[in-house]
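Since the structure comes first, as structure tokens, the remarks are kept for the end.
This chain uses plain numbering: 1 for the first residue, then up along the sequence. As the structure is a prediction and not an experimental result, all values here were calculated from the model.
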Amino acid sequence: MSGTAEQTIEGEVARITFENEANGFRVLQLALRDGETKLALVGTFPRVAEGTCVRVTGHFEVDAKYGRRFRAASLTELTPTTLVGLRRYLGSGRIPGVGEKYAQKIVDHFGLRTLQVLDENPERLTEVSGVGRHRARTIAKAWTEQCATRDVMVSLQAQGVGWALAQRIFRRYGAQASHIVRHDPYRLAIEIPGVGFKTADRIAQEVGIGRDSMDRRRAALVQAVRDELDAGHVYTAASVLIEKALALLSPDGVLLEPMTHALALLVHQQILVRENRDGTDAVYARLSFEAEVRVAHRLRDLASANVRTVEKLDDALKRFEAQSTLRLSDEQQAAIELAVRSAVTVITGGPGVGKTTIVRAVIAMVQGANLRVQLVAPTGRAAKRMTESTGREALTIHRLLEFEPRRGKFARHRDVPLDADVLIVDECSMVDLSLADALLDAVKNGTRLVLVGDVDQLPSVGPAAVLRDVIESGCFPTAKLARIFRQSSGSDIVTNAHKILHGYLPESSPGNTGEFFVIDRTDPDAARDTVVELVTKRIPHRFGFDPVTDIQVLTPMHRGPLGSIVLNETLQAALNPTGEGITRGGRTFRRGDKVMQLRNDYDRNVYNGDMGLVARIERDEGTVRVTFDGREVAYQGADLDDLMLAYACSVHKSQGSEYPAVVIPLLTTHFVMLSRNLLYTAVTRGKRLVVLVADPRAIRLAVGEERRDDRRTRLAHRLRDAFGRDVFGGTKES
């Protein structure tokens, strides 16, 4: 049994050694039918549970490191034929609500007829002790969905589609998925977000579609537009877009003329929009173009509307100073008056310049005039900070707009607007074009809008630079705060943040009791060891911070020797190395782990970037229970893909948050990400302590690289066009 000749074997999955859900590659241990032989099974195939009986076609190979193993070309699930196999099959976590405990109960009750009962009479599950009607319905529904999708999924994989992609294609097209993949695979690259041109192109070659097809050119252009959106740009010059698409099609030597025709076809089909103005032939994704136009018009309409006035402002300011025991500076008073008197106002500035004080004062002013005020921020963490700093509840934009996940739409919009006289939006630098569009659509004319944010931080993860463009349009009154007021515990952090912002190198606090430290390290391994030592020993011992809940490691990148992936594995091994856990996609979660939510989950009320602690592991039901701000949320099966370890996270993921202590590794290996606003954003996340573990060359590179978000947008132009003039003399775009 050796060599490369194709063979077919059958056996039972004894153990799952490794899984990569991104590409479907898996390593399993297979127990063959003879009951004695076990071998390693590797390949790209659907997820299978422990206890599953499978028929595998492929060949044996000998790996220099791992030895003899079987390389799978195709894999088919077989019905388990033993009670032990049935228990393992059902208890593997593939069915929500059924872990090892309930699997044993179900199989003990129904025996070898278990799968027949699930297929034909799932209502009989209530006969099993501990299985009520609700759990029975949940199990029956999951089983039915699994059976309904299996045939289509197998068909998709036969056409060269990996497991993870097959799931997304099936969710989009349902029973038509196989037909579309066979006859029009480039639709995947155009219609399914996240499906790239290369994937669609590979599938197209598998099913025999010619490389000179018009659909292929269209898909390459759409991919080029998406790449530009991912880079933060709202539009791209047509010539640049065609050049990027040609690079994707290389080395096929596609001529310029058919590419121009493909672009014209996409514009005709209203997938893309082409706009020629100011000497630039710009191409947009249609949704982005429409959103940018709407945002400009809504801001103009809001700024032009009449708003309710606040009388006796001087007296109100004096009352606020008396109640808050603060003495407002002339700069702060001017900013407050601007926000209270104007229909749309921007308040911007770095850390320690008093933005929070101004927001609190504005709230007091408008409440004193019996105006209804609503506070909002783009993320849950930013909303929580706003709530803590103002003493009033702040909501996320999605929650304020009452997002309906099943419909993928907001319940609040122009026809059902928000019920507020004043809307204060914090952390506006994080608001991208689509979120700004949704929010402004729900704000009725006559509502006073106050936009607050630090324009020098990293721009939004999504495309556009909304806060920058609103300021640079010159169409709105803007308070640019510069004077630093925070003089107590965070003074060294604030001082160094402003140094970085103005192109100067940060400096360590004098002595051993300051708030800001720079530790020189040039070797990645030495830097990683230092980060671990700081988090686990030095900072807790000297400053009393809890290594899990108080200290956050922020890194520029996900991958690499000092990326968040490696740092999380290393810190977990140091802080929480043992105990019962559940492994999913190569990640093991244990009780006590710090974790982060990776996407918005409106059903669970947890959002992208929310951090929690693993409270309990329930292996019987395959459940990880996580507490977020005292509220417990359960994760099972595929839900665990939405979690990552969070001892370390990227600087981008930290936006809108503050932590008692921050440790920032910064080496030349991070070169591609090094910039002034990245370092500035990272440093300003620390409240009481910031430690840079850095190569001095990397700090110089970051401070010297002023990549002030050079995103291609036309919002500022559209705002000036909408107003017809520079109303407040803002800085024009070049």
Hydrogens and angles aside, do [X] and [Y] bring a side-chain donor and acceptor to less than 3.5 Å of each other?
{"X": "Gln205", "Y": "Asp201", "value": "yes"}
{"X": "Glu127", "Y": "His109", "value": "yes"}
{"X": "Thr530", "Y": "Arg521", "value": "yes"}

Problem set entry | More than 12 heavy atoms of other groups within 6.0 Å of Arg591 CZ | no
Rounded to the nearest 0.5 Å, what's the gap from [atom1] on [X] to [atom2] on [Y]? Could you check?
{"X": "Ile582", "Y": "Leu643", "atom1": "CD1", "atom2": "CG", "answer": "11.0 Å"}
{"X": "Phe589", "Y": "Tyr635", "atom1": "CZ", "atom2": "OH", "answer": "9.5 Å"}
{"X": "Asp184", "Y": "Tyr186", "atom1": "CG", "atom2": "OH", "answer": "10.5 Å"}

Does [X] use its side chain to pair, donor to acceptor, with the backbone of [Y] at less than 3.5 Å?
{"X": "Arg584", "Y": "Asp641", "answer": "no"}
{"X": "Asp642", "Y": "Gln597", "answer": "no"}
{"X": "Gln223", "Y": "Ala245", "answer": "no"}

Exercise. Centre of Tyr102's six-membered ring, under 6.0 Å away, within 45 degrees of the axis: is that where NZ or CZ of Arg135 sits?
Worked result: yes
For this session: Could you tell me whether Arg616 and Glu632 make a salt bridge, using a distance below 4.0 angstrom between a side-chain N and a carboxylate O?
Result: yes
Exercise. Would you call Glu191 and Arg187 a salt bridge, taking side-chain N to carboxylate O under 4.0 Å as the test?
Worked result: yes
